[in-house]
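Accompanying notes for the structure given below.
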Amino acid sequence: MANKTKDYLAKVRKKTGFSDYKISQEYGINQSNLSKYKSGKSSLSETHAWLFADILNINPAEVVAYTKLEHAKIKGDKLKAVFWQEQLENLSNISESIKIDIAQINPTVGDLDNNAKQIIKLSIEAAKQDSDLLIFPELALVGYPPEDLLLRHGFMQQVEKKIDLIKNSIPDTISIIFGAPCKENKILYNSAYLIQNGEVGIYHKQQLPNYGVFDEKRYFTAGNKPFIFTIKGQRLGLLVCADIWHADTVRETAKYGVQTIISINASPFHVGKHQQRLNEIKKRVLENQVEFVYVNLVGGQDEIIFDGGSFMMNAKAQVTHQLPFFEQTSTSLATPGIVSDNNDSTEKTIYDALILATKDYIDKNGVFNGVLIGLSGGIDSALTLAIAADAIGSENIKAIMMPYTYTSNMSLEDAKAQASTMNIDYHEIAIHSIVEGFNAQLSGLFNGMEADTTEENLQARVRGTLLMAISNKLGKIVLTTGNKSEMAVGYATLYGDMSGGFAPLKDVSKTMVYRLAKYRNTVSYVIPGRVIDREPSAELAPNQVDQDSLPPYDELDAILELFVEQRRSIEYIVKMGFNKQVVARISRLVLNNEYKRRQSAPGPKISKNAFGKERRYPMTSKFQP
C-alpha cells in the first residue's frame, strides 16, 4: 500500500477537517505547491514531509522516504528510486511495539446495518485509545453462518456497500480486520478484510470445513494464497478459523518471517472445545515459533453457540491473555492480561451456554415479547424455567400448570413454589373437561379397545394446544422442555409436549439435567429439592414412572452416548458390558424416531453430535446397526 503525496494530503484534510485553502493559511504552504501535490505532479518537499508527518503523528522518516521515492520516479531517476526503495524496506524491518485490540462481538446474522455500526463504533473508540490494530471475528459483518442468504440476489451488493461505509468511516490512524464474504469474478470467498491507511486488503480462507454444523463448500471457494501485512515494521500473518487446524497452511504463512499470526474465528461451542483449540494452537506455535492471536465470535445463532474465549498465546506457547466465555467484550493486548485457570465446572459452562443460546434466540428474532412454559412440577420444566428467567428476566415469563387426574399434589405444590420463589407469573388451567371431551368424541371409534398411550398422549396434546393458543394471543414463545434422552428414544408426544418454538434442553441428557438443576441451586435455591429427588414421571397414567418404559437414565444415557455421539455399533456397545436386548431396543427406538425429531423445535448444541442440522439421518431406512 504505497503512499503518495496526494494520499498524505488527503489524510491531512481528513484529520484536520481543513480545505486546501485553510491548510495553506494555517501551515504556511504556498497554494501553488498544494495544487501540484493534489494533482500528483510534484512530491512533497522535505520540509512539508516533516510537517505532514507531525500533523498525522507518523514516522517522519517514512514520509520523507516515500516522497523521495515518488520524486525519483517522477524524474525518471532509477538509481535514486532503487536507493529510496531500499530505505523504505530498511524502515519496515525496524519494528516498533504495536497496540493490538480484540473485539469479541455478538453480531446478528443478516443485520448488516447494526453489525457495521458496531464495527465502526468500536474502531473509532479503539483509535481514540491509540490502538494500532483492532481485530473482529470471522464473518463479523454478516454473522455466522449466513447460510442461503449468500445465494440471494442483492445480498453481496449490500455487503459491499457496508464494507465501503466501514472503510470511509474509520480513522486512518487505526487498522482493522473483520470477516465478510467476498465476491470476485462471480466466485464467493469466506474472507478477512484488512482496512489500513484507507485501503482494503483481502485474504481468502483456504480451508473450508464441510462437516458437523459446517457446510462452507456449499457456498464458498477456497483461497490459495497467504496474506502478510506490516504495522510499524512488524510482519503479521492472517488466517481464518479452520486454516489453523492445518499445519501446512499455517507453515506457509509463517515462512514469510511473521512475528504474529492472527486468526479470526467463528468456532462453535461444545463441551471440551476450548481445550481442543488451545491444544491445536500450541502445536502451531511450537512448530513455527510465532505468537498467535485467536479472536472468536460469541453468541447464539439458532442451534449453534459461539462461546468467545478469545486469547493470545506467545511464542513459548503460554496464554498471555484470555477473554471471558459467553460474553461480548473488547480488550487490549498491550496491557497485562488476566489469564484465568479456566476451571469452571462442566455444569457451569453448559448452563452459561444455554442461557446465552436462549437469550439470543429470543432477542435476535425480535418477534416475541417473552416466554411461555408449561410448568409440570417435574425436573425438565423446572430447569427450563430457571434458564429462561436467567436469560431474559422473570418479569418476561408466564408459567402455566395444567393438572389432570394423574397430576400429583406434590407436582402442584412444587410448581407453584418454584414460580413463587422466582417471582414468575403463574396460572393453573385444569384440563379434565377438555380431555374428557376428546375421549367422549372418540369413544365410538375406539369402542372395545383397551386404553393405551393414545389416551395418555391426548393429555399432552391438550396441554400443547392450550400453550400454543396462549402463545398466539400473548405473543410469547413456548419453550419446549424435553431433553436429549427423551428425544433420542421418542419418549415425547408430537403436537403435545413437543409443541414450542425453542428447546433449551434438546441436547442435554437426562442425567445432565439433574446435574444442572443441582448446580443452579448452588447459585440461588430456586428448584424445589423434591423435584430433583423424586423419581421422574410424565404423570399420564396412575403411578407412572419413566422407568416403566425405559431403562434407568444412567444406563440409557451411557448407551446413547456410545450409539448417538460416538456412532458405535450394537456389537461394540454390548462388548462394553451392556445387555444386548436393551441395546438393540434402544438403538431401534433411536432410528425409528427420526421422523419425530425432524418435527421438533430447534435447540442449542452442546455436544459433539446433537440432534439438529449436523445429524442427517434418513427418516425412512432399513439400516440395522
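For the single chain, residues carry numbers from 1 onward in sequence order. Only this structure's heavy atoms are used, side chains among them; waters, hydrogens and symmetry mates stay out.
- Defined by atom type and a distance below 3.5 Å, a donor-acceptor pair is missing between the side-chain atoms of Lys506 and Thr480.
- Panel note: side chain Asp243, backbone Gln206; a donor-acceptor pair is recorded below 3.5 Å.
- The six-membered or imidazole ring of Phe269 lies away from that of Phe306, with a centre-to-centre distance of 6.0 Å or more.
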Trace of the side-chain hydrogen bond (donor to acceptor under 3.5 Å, both in side chains) decision for Asn190 with Tyr219: CA-CA 9 Å; Asn190 181 347; Tyr219 310 104; over 6 Å; no
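- Contact of the Pro181 side chain with the Tyr189 side chain is not registered, since no non-hydrogen atoms from C-beta on lie closer than 4.5 Å.
- Contact of the Met312 side chain with the Phe292 side chain is not registered, since no non-hydrogen atoms from C-beta on lie closer than 4.5 Å.
- Remark: the backbone N or O of Arg515 is not paired with any side-chain donor or acceptor of Arg520 at under 3.5 angstrom.
- Within 6.0 Å of CZ on Arg615 lie more than 12 heavy atoms contributed by other residues, nucleotides or ligands.
- Remark: Arg152 fails to qualify as a cation-pi partner of Phe155 under the 6.0 Å distance and 45° angle criteria applied to the six-membered ring.
- Under a 3.5 Å cut-off, the side chain of Asn265 and the backbone N or O of Asn296 do not form any donor-acceptor pair.
- Under 3.5 Å, the side chains of Asp172 and Asn197 contain no donor-acceptor pair of N or O atoms.
- Under the 3.5 Å distance criterion, the side-chain polar atoms of Asp507 are matched with a main-chain donor or acceptor of Ser607.
- Counting heavy atoms of neighbouring residues, nucleotides and ligands inside a 6.0 Å radius, atom NZ of Lys364 exceeds 12 of them.
- Taking each heavy atom of Trp245 and Gln276 in turn, the nearest pair found is CH2-O, 3.8 Å.
- Under a cut-off of 6.0 angstrom, the local environment of NZ in Lys128 is sparse, with at most 12 non-hydrogen atoms contributed by other residues, nucleotides or ligands.
- Remark: the Glu291 side chain and the Gln259 side chain contain no N/O donor-acceptor pair separated by less than 3.5 Å.
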Stepwise side-chain hydrogen bond (donor to acceptor under 3.5 Å, both in side chains) test for Asn279 and Gln275: CA-CA 6 Å; Asn279 293 345; Gln275 190 58 51; 2.9 Å; yes
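- Side-chain N or O atoms of Ser345 include one that pairs as donor or acceptor with a backbone N or O of Lys348 at under 3.5 Å.
- Asp101 and Ser131 form a side-chain donor-acceptor contact under 3.5 Å, judged by distance and modelled atom types alone.
- How far CG of Asp380 is from CG of Leu385: 12.5 Å, rounded to the nearest 0.5 Å.
- Although no hydrogens or angles enter the test, the distance criterion places no donor-acceptor pair under 3.5 Å between the side chain of Arg597 and the main chain of Phe611.
- With hydrogens and angles disregarded, no donor-acceptor distance shorter than 3.5 Å links the side chain of Glu303 to the backbone of Pro602.
- For Gln104 (side chain) and Ser310 (main-chain N/O), a donor-acceptor pair under 3.5 Å exists by modelled atom type.
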Step-by-step side-chain hydrogen bond (donor to acceptor under 3.5 Å, both in side chains) determination, Thr349 to Asp344: CA-CA 6 Å; Thr349 300; Asp344 285 345; 4.9 Å; no
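- Panel note: side chain Ser169, backbone Leu165; a donor-acceptor pair is recorded below 3.5 Å.
- Aromatic ring centroids of Tyr294 and Phe311 lie under 6.0 Å apart.
- Note on ring orientation: taking the six-membered ring where Trp is involved, the planes of Phe178 and Tyr193 are parallel (angle under 30°, cut-offs 30° and 60°).
- A distance of 13.5 Å separates CE in Met487 from NZ in Lys510, rounded to the nearest 0.5 Å.
- Lys99 places a side-chain N or O within 3.5 Å of a backbone atom of Gln129 that can act as its donor or acceptor partner.
- Below 30°, between 30° and 60°, or above 60°: for His274 and Phe325 the angle between ring planes is above 60°, a perpendicular geometry.
- Using a 30° and 60° split on the angle between ring planes, Phe229 and Phe227 fall in the tilted class, from 30° to 60°.
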